[in-house]
Amino acid sequence: MAASADRIVIENVAIATVDAQDTEYASGHIVVAGNKIESIGAGKAPEGLENVVRRVDGTGHLATPGLVNTHHHFYQWITRGLATDHNLFNWLVALYPTWARIDEQMTYAAAQGSLGMMARGGVTTAMDHHYVFPKGSGDLSGSIIRAASEMGVRFTLARGSMDRSEKDGGLPPDFAVETLEGALAATEETVKKHHDASFDAMTQVAVAPCSPFSVSTELMKQGAELARRLGVRLHTHGSETVEEEKFCHDLFGMGPTDYFESTGWLGEDVWMAHCVHMNDSDIAAFARTGTGVAHCPSSNARLAAGIARVPDMLKAGVPVGLGVDGTASNESGELHTELRNALLINRLGAHKEAALNARQALRLGTYGGAQVLGRATQIGSLEAGKLADLVLWKIDGIGHASIADPVTAIVFGAAAPVTLSLVNGRPVVENGRLLHADEDAIARSTRDEAQRLARIAAGS
């Protein structure tokens, strides 16, 4: 790193690097130069550093990599608290007619709400799987990307699509879907306009047909071909519920994993949301092909989908990250609570108390997420040369001070306050508040847009 780069020096801080050796320091330092981590280690920072623009005393804090969210639906921020006692299919049928009325102003406000809540809770890399594109609704993808850019977080837009409506045996209403040709053309345009393949990219785009029950086989196949021609990643929902498994057997004569393989949807460039109902051969297929999983424990519980076999996936070598999922099925919208929920819910499964430990949960939310998004060489662990996406969690307050181990404190304890969050070396949160957005204004706009959408849906 050139001597002219501005430096931020953090000292006297406990550090969980989440590197390959799970290196930790009881009291150490991190030097950020420009947008990268220049050095990290035990004790004080090196002497004589030039252009130090800020020194941070990390006493009473744990530094970790920034959290990486691998599955979300931002637009659902304005339909929270609805259909609260439904399973997945009934919940979708109840909400699709409302979602099909969204417009650009709504998606922008909803993205601000979703991003703001995650950023305040330590997320430095977010993603959004947006798949509802009503005719005449404006530039929805552009509005979401603009909100992320303004917030200052690293972002992956999974440009979704649906072309299997009720008349074709799917779940979405007929007016809520795109044509095959329209979806592919719009997805390609979005990739070409917004995807940045560089090391320190702030915006990337993935190709993301929604799910087997809302997408034609041809869109799955051609979507995979499009993604590989453009050199971007692929994302969809998979094996979320027993109803989905039955749907796939009834419609395609095979289970979800075999269907995905038949359409080109297994591989190191693919990650799937949920993957709750996976048998041994499914897990082996994901491991063999390097297909990743976005584990969404709170949403899976909210919709009574079941408990994903995360310990078995990890043992097999499947890349696994954490996801908030849409906030109509996880109203808190926070990823740091998913560290705790992933650990607790998986302990209700077959492996009981041996399912996950605190450090495995932290790895899911950081390095695992970076793997799933294809960015493990750039983010997900605190190492010299990687991008400076990091979080200082306050653990000397009433909620955490009596827990001796810092990682146990932030995973098992209450959601820890974020004192400082850096993305690309730039502060985005300080003392629990967003630096580049007005939280009160976002609260007002999301409430107003939620009410406007409800009025439109009621009048339809």
Side-chain angles (χ1 to χ4, degrees), residues 68-79 88 91-92 95-96 99-100 102 106-107 110-111 113-115 117-118 123 125-134 140-145 147-148 153-164 171-172 176-178 183 186-187 190-191 194-195 203-215 219-220 223-224 226-227 232-240 244 260 265 269-276 291-296 298-300 303 305 321-330 333 335 338 369 372-375:
V68 179
N69 180 42
T70 62
H71 186 66
H72 210 318
H73 307 294
F74 290 177
Y75 73 90
Q76 292 181 14
W77 190 265
I78 56 174
T79 59
L88 175 67
W91 174 85
L92 288 170
L95 291 176
Y96 268 141
W99 293 339
I102 60 173
M106 293 175 189
T107 58
S114 297
L115 287 159
M117 203 68 186
M118 285 190 294
V123 168
T125 296
M127 74 78 68
D128 183 31
H129 185 193
H130 187 87
Y131 54 84
V132 183
F133 291 90
L140 304 190
S141 294
S143 73
I144 297 163
I145 289 169
V153 300
R154 209 175 295 283
F155 181 57
T156 294
L157 175 70
R159 203 291 181 183
S161 52
M162 300 188 295
D163 72 336
R164 186 192 294 279
L171 292 184
V177 302
E178 298 175 277
T187 300
T190 303
V191 173
H194 295 291
H195 180 71
T203 303
Q204 296 198 326
V205 180
V207 174
C210 183
S211 62
F213 46 83
S214 60
V215 170
L219 182 51
M220 292 296 290
L226 174 66
V232 298
R233 296 182 75 74
L234 300 83
H235 181 58
T236 192
H237 297 88
S239 302
E240 185 173 0
E244 178 190 337
F260 289 131
W265 272 80
D269 54 357
V270 180
W271 84 105
M272 308 251 183
H274 303 296
C275 300
V276 175
T291 305
V293 172
H295 176 46
C296 306
S298 294
S299 176
N300 294 344
L303 296 172
L322 291 182
V324 170
D325 202 11
T327 48
S329 65
N330 178 5
L335 192 70
E338 300 304 291
V372 162
L373 295 185
R375 306 204 66 174

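All values derive from a computational prediction rather than experimental measurement. Because only heavy atoms are used, hydrogens play no part in the values below, and waters and symmetry mates are left out as well, while side chains stay in.
Between the OG atom of Ser114 and the CG atom of Asn69 there is a distance of 9.5 Å, given to the nearest 0.5 Å. Atom CD of Gln76 and atom CD1 of Ile102 lie 9.5 Å apart (nearest 0.5 Å). Going from atom CH2 of Trp99 over to atom OG1 of Thr79 covers 6.0 Å, rounded to the nearest 0.5 Å. Here the OG atom belonging to Ser141 is positioned 4.0 Å from the CZ atom belonging to Phe133, to the nearest 0.5 angstrom. Distance check, rounded to the nearest 0.5 Å: CZ of Phe260 to OG1 of Thr291 gives 10.0 Å. Taking NE2 of His71 as the start and CG of Leu335 as the end, the distance is 12.5 Å to the nearest 0.5 Å.
A side chain to side chain contact (heavy atoms under 4.5 Å, CB included) with Phe74 is found for exactly one of Leu115, Thr327, Thr107, namely Leu115. None of Thr187, Leu234, Leu219, Val191 except one satisfies the side chain to side chain contact (heavy atoms under 4.5 Å, CB included) rule with Leu226; the exception is Thr187. The ring-ring contact (aromatic ring centres under 6.0 Å, His included) with His235 is formed by just one residue from the set His130, His274, His73, His129; it is His129.
Ser214 has its side chain out of reach of Tyr131: every pair of non-hydrogen atoms, C-beta onward, lies at least 4.5 Å apart.
Judged as a side chain to side chain donor-acceptor pair (under 3.5 Å), and not counting sequence neighbours, the contacts of Ser329 are Ser299, Asp325. With sequence neighbours excluded, the residues forming a salt bridge (Lys or Arg N to Asp or Glu O under 4.0 Å) with Asp269 are Arg228, listed by chain and number.
Side chain of Asn330 to backbone of Val324: a donor-acceptor contact under 3.5 angstrom is found. The main-chain N or O of Leu322 is found under 3.5 Å from a side-chain atom of Thr70 such that the two form a donor-acceptor pair. When atom types are taken as modelled, the side chain of Thr236 and the backbone of Pro209 share a donor-acceptor pair closer than 3.5 angstrom.
Smallest separation of non-hydrogen atoms from Gly160 and Glu178: O-OE1, 4.2 Å. Of all heavy-atom pairs between Met162 and Pro172, the closest is SD-CG, 3.6 Å. Minimum interatomic distance between Cys210 and Val215 (heavy atoms only, all atoms of both residues): N-CG2, 3.3 Å. Of all the heavy atoms in Gly142 and His194, the pair that sits closest is CA-NE2, 4.4 Å. Among all heavy-atom pairs drawn from Arg233 and Val270, the shortest one is NH2-N, 4.2 Å.
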